[in-house]
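Have a look at the structure below before the remarks.
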Amino acid sequence: MCGIVGYIGPKEAYPVLIKGLKRLEYRGYDSAGVAVLQNENIVVYKCQGKVANLENLVAKSEPLIGTIGIGHTRWATHGPPNDENAHPHSSEDGNMVIIHNGIIENYSPLREELIKRGHHFKSETDTEVLIHLIGDIRQNEDVTLFEAVRIALNEVIGAYAIVVMEKDNPNQLIAAKKGSPLVVGIGEGEFYIASDATPIIEYTKNVVYLDDEEIAIIDREDGFKLMNIKNQEKTPYVQELEMKLEALEKGGYEHFMLKEIYEQPRSIRDSMRGRLRPNSDQVELGGIRDYIKKFVNAKRIIILGCGTSWHAGLVGEYLFEDIARIPVEVEYASEFRYRNPVIYEDDVVIAISQSGETADTLAAIELAKSKGATIIGICNVIGSSIPRATHAGSYTHAGPEIGVASTKAFTAQVTVLTLMALHVAHQKGSITNQRLHRLLIELDSIPDKVQKVLDQNEKIKYIAEIYKDVHNALYLGRGYNFPVALEGALKLKEISYIHAEGYPAAEMKHGPIALIDEEMPCFVIAPRAGAYDKIVSNIQEVKARKGKIIAIVTEGEKLIKEMADHTIEIPDTEECLMPLISVIPLQLLSYHIAVMRGCNVDQPRNLAKSVTVE
Ligand code: AGP
C-alpha cells in the first residue's frame, strides 16, 4: 500500500523526504509527492509514476527550502494513478495538506455533505475528503490543529495512517493511525514519521510504533506528545530498532529479489539460530513456550495468511498433520474474515505474515481472537501490527525483504513452521526419537543444500532463456511439493506477468490436462522423496500430449531425465523438508524470465509489498 514519510527538525526536509520515499517505494509506486513549508507557504510537488519522476520535477524548479515537510508514494485505491490523485492533498483554503495510507470507507457521504457546504474537490480520492473535513472543522470551530484532526477522525470509518501539516503551524506535524502502520523516529531535536522503520534507521534507532486510534502531536519546541481520538493522553513506548542499514541496500546484486534469493542459506540459518539443537534432539521456541500446552491439547489448528504466506501455511498443514498429528485447516485470511467460520476457544490459530501489516490477516486475527481462540504469529517485521495483535509467536529473522515478490520470507516461514511442528510433536509424543533426531540433523544441513541449488544459477538461467516468451505455464507437485507448485506459479505470475497455475499433479487428469500442447511448459517438482512413481506417470501423461517438461529432480535421477525436456537437480532430503529446497529453482527461473522480459522485478506492476487495506 502507500508509503508515507514526514520530517520536522533543523535539517532541510526535502532530501530526507525523497530518500525516505525511495526506501518506501516497494509499498506502492503509482505516483509520488511532497509538501514543504517554505517561507510561510506550503509548496507542493506531485506527479504520476515513480519517486524518480518526482525528483526530476522538483529538480526543474526552484530549490525546495524548509525544515518541515511530508511525502507520499501511492498504491492507487480511489482514482487512477495520475497527477490529480497523487498525494499530498490540500484543504479547501490550501492552508493544510495531508498524506494518507489506507481507505476512508465513508468518504462518499462526507464528500457530498462538504460539497453542500461549498467545498470543491480536485481529485477522486477519499483522502482529499479527509483534509477538507479537517479544514472545515478548523475554520468553523475554535479548535487547535490537533483537535480538528481528532474530531474529523471520529467521523471517519476505515483505515488510515496520516500526517497533516498546516501553514499557520510551522512547528508542528500531526500524525495518526488506525489499521495502517505508522512509526515515529525520535532524534536529537528532530522527528521522523514513516510507514515503517526503513526510512528512519539511518537517522535514529529510537522509535515509537503508534497503536490504533493514537494521534501524535510532533512539535519542534514541545517535543512528542501521544494522545488518542478520545482525547486521552498516552505514554509512548520507545523501542530500539535492531535492523541494520546495509540490510536495506542491494549489496552489489542487480535486484533486491536476487539478493534475497541468495540470502536464503543465511536467512534459513538465522530462523533456526538458538532454536534448533540437533545434538540434544531439542527445539527451543521461547516465543510460544507459554502456549505449548494449547498446541498439545489443540483439537484443530487453523492457519491464516495471504499470497505466499498462505502457501507457507499449506506446507504447515502437511507438517502438523504428518508430524504432530493435529488436524489443520489453511484459510485465505480474506475469505475466513467474512465467511462466518466456526471457531472454538480451544482452537490454535497460526497467522503468517512477512510484513506483519496485511489488513486481511489482521482482520481475521481479530475475528478469531474475539471467539476466544489462541493466536500464534509467524512474522518477519519486528514491531509490526500482527505480532502486537497475537498472543505469542516466532519471528522469522529473514531480515528486511524489499523485493515485492516474497522469496526468503517463504523459506523462513516454512523453517519456523517445521520447528513448531517438531516441537509440538515432541511435546505430544507423536514423533519417535529416531525420526525427531533424523529430521533435526537433516534440517541443520538445509542451508548448505540450498547453497548447492543456488550454485546452479547459470544452468537455470539457460532454461529460463528458452521459456521466456511463453504465454502460459503449469506447475505440478504432489504432497509437500503441491504448495511449492502454487508458490512457483505465483512467482512467475507476479513478476513476469505470464499466466501460470499450480496444481496437484494428479489433478491434471480432471481438467487442466486439456491445456497441454507443445506450447505449454510444465514445471514439475519430482524429487525421489514422496509419491515418485505417481509423479512419473503424471509426467508421462503430459509428454503424451506433447507438453514441455522442466523437472526438478533429485541428484542422480535417471528415468525422468530421459523423459523431460530439461531437468534441474537438487540435493536429496527428507520429504517433509523438501519444500525448503525445491522452491529455490522456481524462484530463480521466474526471476531470470522476468529480467529477460524487461520487467521491473523488484516493483512489479499493480503490486505492493504489504497490503494494508482489505
Ligand atoms: C508474494 O510474493 C506477494 N508479495 C504477496 O502475495 C504476499 O505474500 C501477500 O501479500 C502476503 O503478505 P504478508 O506475508 O506480508 O502478509
Side-chain angles (χ1 to χ4, degrees), residues 4-14 16-17 20 33-46 64-72 87-101 114 119 127-156 160-178 182-194 208 210 213-229 231-234 236:
I4 68 175
V5 66
Y7 173 76
I8 181 167
K11 288 203 274 283
E12 279 305 315
Y14 176 66
V16 175
L17 299 174
V34 289
V36 170
L37 201 53
Q38 173 170 296
N39 306 333
E40 295 162 15
N41 281 313
I42 294 178
V43 180
V44 176
Y45 287 101
K46 58 182 185 173
L64 254 183
I65 307 299
T67 58
I68 175 173
I70 58 177
H72 183 274
H87 298 211
H89 289 285
S90 304
S91 56
E92 179 68 22
D93 60 11
N95 286 349
M96 281 185 204
V97 283
I98 190 171
I99 47 174
H100 169 223
N101 171 27
L114 286 162
H119 287 253
T127 308
E128 191 185 8
V129 175
L130 179 53
I131 193 66
H132 275 248
L133 179 62
I134 295 169
D136 192 75
I137 295 164
R138 186 83 164 113
Q139 265 198 340
N140 300 312
E141 296 170 33
D142 179 18
V143 292
T144 63
L145 176 60
F146 158 67
E147 267 300 298
V149 172
R150 189 182 71 77
I151 294 165
L153 292 179
N154 276 289
E155 290 187 34
V156 300
Y160 56 78
I162 60 169
V163 187
V164 176
M165 181 169 78
E166 185 185 46
K167 191 169 88 165
D168 306 333
N169 235 315
N171 296 322
Q172 204 174 71
L173 289 173
I174 303 291
K177 174 230 194 264
K178 184 181 178 199
L182 198 68
V183 55
V184 176
I186 301 174
E188 297 297 320
E190 56 186 0
F191 298 94
Y192 303 83
I193 305 162
V208 174
L210 268 59
E213 299 189 340
E214 286 187 341
I215 305 175
I217 306 169
I218 299 160
D219 195 286
R220 208 190 285 278
E221 278 117 32
D222 307 338
F224 177 80
K225 188 175 178 186
L226 197 55
M227 304 291 289
N228 67 13
I229 61 170
N231 208 11
Q232 298 150 336
E233 180 144 9
K234 309 285 287 183

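In this text, all values refer to a predicted model and were calculated from it rather than measured experimentally.
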Given side chains that start at C-beta, do those of Val36 and Ile42 come closer than 4.5 Å, heavy atoms only? no
Can a salt bridge be assigned to the pair Glu190 and Lys11 using a cut-off of 4.0 Å between side-chain N and carboxylate O? yes
Report the residues that fulfil salt bridge (Lys or Arg N to Asp or Glu O under 4.0 Å) with Glu213, sequence neighbours left out, ordered by chain and then residue number. Lys178, Lys230
Do the side-chain N and O atoms of Arg138 and Ser91 include a donor-acceptor pair separated by under 3.5 angstrom? no
Contact check, side chains of Glu214 and Met227, non-hydrogen atoms, under 4.5 Å: no
Check whether more than 12 heavy atoms from other residues, nucleotides or ligands sit under 6.0 Å from atom CD of Glu233, and answer yes or no. yes
Do Glu92 and Asp136 have side chains that approach each other closer than 4.5 Å (heavy atoms only, starting at C-beta)? no
Do Phe191 and Tyr7 come close enough that some side-chain heavy atom pair is under 4.5 Å? no
Are Asn231 and Phe146 close enough, and set up right, to give a side chain to side chain contact (heavy atoms under 4.5 Å, CB included), and what steps lead you there? CA-CA 10 Å; Asn231 208 11; Phe146 158 67; 3.4 Å; yes
Can you find a heavy atom in the side chain of Val184 that is under 4.5 Å from one in the side chain of Ile218? yes
Any Val97 side-chain heavy atom under 4.5 Å of His89 side chain: no
If the plane angle is over 60° it's perpendicular, under 30° parallel, otherwise tilted; pick one for His100 and His87. parallel
Is the closest side-chain heavy-atom distance between Ile162 and Ile131 below 4.5 Å? no
Residues that Gln172 engages under side chain to side chain donor-acceptor pair (under 3.5 Å), provided they are two or more places apart: Asp219
How about Val163 and Ile98: do any of their side-chain heavy atoms sit closer than 4.5 Å? no
